[in-house]
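Report on the following structure.
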Amino acid sequence: MSIRPIDQYFLQLEEPARGCMQFLRGHILQLDSHLTEAWKYGMPMYCYNGKMCCYLWIHKKLKQPYIGIVEGSSVHHPDLLQEKRARMKILLLDPEKDLPMKKINSILKDMLALYK
């Protein structure tokens, strides 16, 4: 039995990023029954009723996990970074520290409101 590419992605990450990303994967999926996980553009993407809303990835330069918000330009939070993206914003996370769950939940709640 072969491993799905999305599962392989999480398994190949090194700790502590792996634990951080796997926790976020489960957390995002339990937020709303309309959220599903898909493997798109070579990355784990989370869709609300089939519409891409966020993804999980590792920042190439900083080597830190982040949550990417697809419609980030419509979600306003001081910790979301636009960098050189036109539409998306990201929330960088430090896998060595406790995740800022209040901040994560607030941003994800605002993101989900765009799709409801």
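These values consider heavy atoms only, across backbone and side chains, with no hydrogens, waters or symmetry-generated copies.
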Compare all side-chain heavy atoms of [X] with those of [Y] and state whether any distance is below 4.5 angstrom.
{"X": "Asp110", "Y": "His76", "answer": "no"}
{"X": "Tyr55", "Y": "Met88", "answer": "yes"}
{"X": "Lys63", "Y": "Glu14", "answer": "no"}
{"X": "Lys116", "Y": "Asp32", "answer": "yes"}
{"X": "Leu31", "Y": "Asn105", "answer": "yes"}

Backbone of [Y] reached by a side-chain donor or acceptor of [X] within 3.5 Å:
{"X": "Gln82", "Y": "Arg85", "answer": "yes"}
{"X": "Lys89", "Y": "Val75", "answer": "yes"}
{"X": "Gln8", "Y": "Gln12", "answer": "no"}
{"X": "Gln64", "Y": "Leu93", "answer": "yes"}
{"X": "Arg18", "Y": "Leu11", "answer": "yes"}

Between [atom1] of [X] and [atom2] of [Y], what distance do you get to the nearest 0.5 Å?
{"X": "Leu91", "Y": "Ile107", "atom1": "CG", "atom2": "CD1", "value": "4.5 Å"}
{"X": "Met52", "Y": "Met43", "atom1": "CE", "atom2": "CE", "value": "10.0 Å"}
{"X": "Tyr46", "Y": "Leu35", "atom1": "OH", "atom2": "CG", "value": "10.0 Å"}

Of all heavy-atom pairs between [X] and [Y], which one has the smallest distance, and what is that distance?
{"X": "Cys53", "Y": "Met111", "value": "O-SD, 3.4 Å"}
{"X": "Ile58", "Y": "Pro65", "value": "CD1-CA, 3.8 Å"}
{"X": "Glu96", "Y": "Pro16", "value": "OE2-CG, 3.6 Å"}
{"X": "Leu92", "Y": "Tyr66", "value": "CA-CB, 3.9 Å"}
{"X": "Leu56", "Y": "Tyr9", "value": "O-OH, 4.0 Å"}
{"X": "Gly50", "Y": "Cys47", "value": "C-CB, 3.9 Å"}

Practice task
Using the side chain to side chain contact (heavy atoms under 4.5 Å, CB included) rule, pick out the option among Leu108, Leu29, Ile104 that qualifies with Leu24.
Solution key: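 Result for side chain to side chain contact (heavy atoms under 4.5 Å, CB included) with Leu24: Ile104.
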Practice task
Kindly indicate, with the supporting measurements, whether the criterion side chain to side chain contact (heavy atoms under 4.5 Å, CB included) is fulfilled by Asn49 and Thr36.
Solution key: CA-CA 8 Å; Asn49 285 336; Thr36 56; over 6 Å; no
Exercise for the section: Could you please spell out the steps behind the side chain to side chain donor-acceptor pair (under 3.5 Å) verdict for Gln22 and His27? Expected result: CA-CA 9 Å; Gln22 286 181 320; His27 183 71; over 6 Å; no
Exercise for the section: Apply side chain to side chain contact (heavy atoms under 4.5 Å, CB included) to the pair Met45 and Glu37, showing each step before the final yes or no. Expected result: CA-CA 6 Å; Met45 185 72 67; Glu37 183 178 62; over 6 Å; no
Handout entry: Verify same cluster id: Trp39, Ile3 (apolar side-chain graph, 4.5 Å)
Key =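 Each belongs to a different hydrophobic cluster.
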Problem - Cluster check Met101, Ile69: I/L/V/M/F/W/Y, side chain < 4.5 angstrom - result: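 In one cluster: yes.
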Exercise for the section: Verify the neighbour count for atom CD of Gln30: are there more than 12 heavy atoms of other residues, nucleotides or ligands below 6.0 Å? Expected result: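 Enclosed.
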Problem - Salt-bridge criterion met for Asp7 and Arg25 (N-O under 4.0 Å) - result: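 Yes, charged N to carboxylate O under 4.0 Å.
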Problem - Stepwise ring pair (Phe, Tyr, Trp, His ring centres under 6.0 Å) check, Trp57 with Tyr41 - result: CA-CA 11 Å; Trp57 200 241; Tyr41 308 107; over 10 Å; no
